[in-house]
Amino acid sequence: MHPALYLALWFWLALLLASLERHFLFLASASLLLLGVCLIRQRLWRACLRMRWLLLAVVLVYGWTTPGWYLWAGLFAPTREGLLFGIDQVLRLLALICGLQFLLTRLDRDGIFAGLYCLLLPLRFVGVERERLAVRLALTIAFADELLEKQTGFQELLGHLRVGGSGTGADCIFIPVQPMVLRDRILLFLLVSGMILGVIFLGNRSWP
């Protein structure tokens with residue numbers, strides 16, 4: 001299967017999770033996380049551990065800023081609705097993290113680039129150089145995944161960034177482009193069409 005299909009599936013998952021109601025969201029997230037625990041337990045655990053402060057911040061922001069029924073009378077009381085909304089967003093993030101880890105087990109840096117290069121084809125018609133954008137996105141994803149695997153500390157990460165920022169640019173980057181067979185083209189068309197319809201549906205539902 002072409003790498004662009006894996007990326008499109010992940011984008012489709014993101015749109016699907018954004019449109020699900022709470023009970024369906026819980027079922028879908030729990031099923032995906034259970035599958036991740038069975039197949040990529042260590043990788044998923046490392047990713048969630050790195051995101052723990054973001055997940056906690058989401059719950060705190062929603063819980064203490066959303067109007068609703070206060071859980072207790074007094075200062076600094078969260079609202080029930082806010083905590084529920086925060087838990088919803090955490091479930092979406094956890095499911096997306098799990099889906100991304102599955103994606104990274106299937107694609108290396110070259111595969112990520114080949115998929116992004118294909119998906120960014122429409123940008124060529126508006127004058128955007130998709131090669132540059134695809135390379136930057138692919139390198140960012142691959143570098144972040146490499147840091148996750150090595151469990152790099154904050155000081156070491158700053159050292160990597162300083163070294164990377166002082167490079168001479170002499171390194172060569174090869175651009176792998178994988179052709180798509182007819183089956184992959186049809187599947188990609190269906191996935192992209194579904195994502196466009198999903199965006200339209202979410203836009204109409206949120207419009208007052």
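The figures that follow rest on heavy atoms only: side chains count, while hydrogens, waters and symmetry mates do not.
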**Student:** If hydrophobic residues (ILVMFWY) are linked whenever their side-chain heavy atoms come closer than 4.5 Å, directly or via other members, who joins Phe189 in its cluster?
**Tutor:**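 ILVMFWY cluster around Phe189 also holds Leu182, Ile186, Leu190.
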**Student:** In this structure, are over 12 heavy atoms from other groups packed under 6.0 Å from Arg41 atom CZ?
**Tutor:**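 Count not over threshold, so no.
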**Student:** Would you find more than 12 non-hydrogen atoms of other residues, nucleotides or ligands less than 6.0 Å from Arg183 atom CZ?
**Tutor:**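 At most 12 heavy atoms, drawn from other residues, nucleotides or ligands, come within 6.0 Å of this atom.
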**Student:** For the residue pair Val90 and Ile87, establish whether any side-chain heavy-atom pair is separated by less than 4.5 Å.
**Tutor:**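 When only atoms from C-beta onward are counted, Ile87 and Val90 do not touch, as no gap falls below 4.5 Å.
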**Student:** Which residues pass the side-chain hydrogen bond (donor to acceptor under 3.5 Å, both in side chains) test with Arg106, sequence neighbours left out?
**Tutor:**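 With sequence neighbours excluded, Arg106 shows a side-chain hydrogen bond (donor to acceptor under 3.5 Å, both in side chains) to Tyr6, given in chain and number order.
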**Student:** Check whether any side-chain heavy atom of Val58 sits under 4.5 Å from a side-chain heavy atom of Arg92, and report yes or no.
**Tutor:**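 Not in contact.
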**Student:** On a heavy-atom basis, which atom in Gly68 and which in Thr79 lie closest, and how many Å separate them?
**Tutor:**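 That would be N-CG2, 3.7 Å.
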**Student:** Report yes or no: does Ser19 contribute a side-chain atom to a donor-acceptor pair with the main-chain N or O of Leu16 at less than 3.5 Å?
**Tutor:**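 Yes: the side chain of Ser19 pairs with the backbone of Leu16.
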**Student:** At their closest point, which heavy atom of Gly111 faces which heavy atom of Asp108, and how far apart are they?
**Tutor:**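 Heavy atoms only, the tightest pair is N-OD1, 2.8 Å.
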**Student:** Not counting sequence neighbours, which residues clear salt bridge (charged side-chain N to carboxylate O under 4.0 Å, His left out) with Arg80? List them please.
**Tutor:**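 Once residues adjacent in sequence are excluded, Arg80 has no partner under the salt bridge (charged side-chain N to carboxylate O under 4.0 Å, His left out) criterion.
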**Student:** Not counting sequence neighbours, list each pair that qualifies as a side-chain hydrogen bond (donor to acceptor under 3.5 Å, both in side chains) and has a residue in residues 55-75.
**Tutor:**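 Output for this query is empty, none listed.
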**Student:** Spell out, yes or no, whether Val59 and Leu84 are grouped together once hydrophobic residues are joined by side-chain heavy atoms under 4.5 Å, including indirect joins.
**Tutor:**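 No; Leu84 is not reachable from Val59 via cluster members.
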**Student:** Verify side chain to side chain contact (heavy atoms under 4.5 Å, CB included) between Leu39 and Phe102, making sure each step is shown before the conclusion.
**Tutor:** CA-CA 9 Å; Leu39 299 179; Phe102 275 116; 3.9 Å; yes
**Student:** Taking the side chain as every heavy atom from C-beta outward, state whether Phe85 and Arg22 have any atom pair closer than 4.5 Å.
**Tutor:**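 A side-chain contact under 4.5 Å exists here.
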**Student:** Quick check on the hydrophobic clustering: are Met1 and Phe11 connected, directly or via other members, by side-chain heavy-atom contacts under 4.5 Å?
**Tutor:**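 Yes; Phe11 is reachable from Met1 via cluster members.
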**Student:** Could you go through the side chain to side chain contact (heavy atoms under 4.5 Å, CB included) check for Leu20 and Ser29 one step at a time?
**Tutor:** CA-CA 10 Å; Leu20 292 178; Ser29 300; over 6 Å; no
**Student:** Cluster question for you: counting only ILVMFWY and a side-chain heavy-atom cut-off of under 4.5 Å, with indirect links fine, are Leu54 and Leu94 together?
**Tutor:**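 The answer is yes; both residues are in one hydrophobic cluster.
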**Student:** Would the distance check show the side chain of Arg52 and the main-chain N or O of Leu49 forming a donor-acceptor pair, the cut-off being under 3.5 Å?
**Tutor:**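 Yes: the side chain of Arg52 pairs with the backbone of Leu49.
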**Student:** Check salt bridge (charged side-chain N to carboxylate O under 4.0 Å, His left out) between Asp184 and all other residues, then give those that pass, not counting sequence neighbours.
**Tutor:**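 Salt bridge (charged side-chain N to carboxylate O under 4.0 Å, His left out) list for Asp184, sorted by chain: empty.
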**Student:** Are Leu17 and Leu34 co-members of a hydrophobic cluster defined by side-chain heavy atoms under 4.5 Å apart?
**Tutor:**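 Unlinked, Leu34 and Leu17 end up in two clusters.
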**Student:** Same cluster or not: Leu91 versus Trp45, using hydrophobic residues (I, L, V, M, F, W, Y) connected whenever any side-chain heavy atoms lie under 4.5 Å apart?
**Tutor:**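 Result: no, two separate clusters.
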**Student:** Is there a side-chain contact between Leu188 and Met180, using heavy atoms and a 4.5 Å cut-off?
**Tutor:**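 Touching, per the 4.5 Å side-chain cut-off.
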**Student:** Would you say that Leu104 contacts Ile112 through its side chain, given a criterion of any heavy-atom pair below 4.5 Å between the two side chains?
**Tutor:**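 In short, these two side chains touch, coming nearer than 4.5 Å.
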**Student:** Would you mind reporting whether Trp10 and Leu96 have side-chain heavy atoms less than 4.5 Å apart?
**Tutor:**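 Answer yes - side chains close enough.
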**Student:** Under 4.5 Å side-chain heavy-atom separation, chaining through any Ile, Leu, Val, Met, Phe, Trp or Tyr, what else clusters with Phe125? Say none if it is isolated.
**Tutor:**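 The other cluster members (ILVMFWY side chains, heavy atoms under 4.5 Å, direct or chained): none.
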**Student:** Over all heavy atoms of both residues, which pair between Gly36 and Cys98 is shortest? Give the atoms and the distance, please.
**Tutor:**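 Looking at all heavy atoms of both residues, the closest pair is CA-SG, 3.9 Å.
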**Student:** Return the minimal non-hydrogen interatomic distance between Pro3 and Leu107, and the atom names on each side.
**Tutor:**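 Heavy atoms only, the tightest pair is CB-CD2, 3.8 Å.
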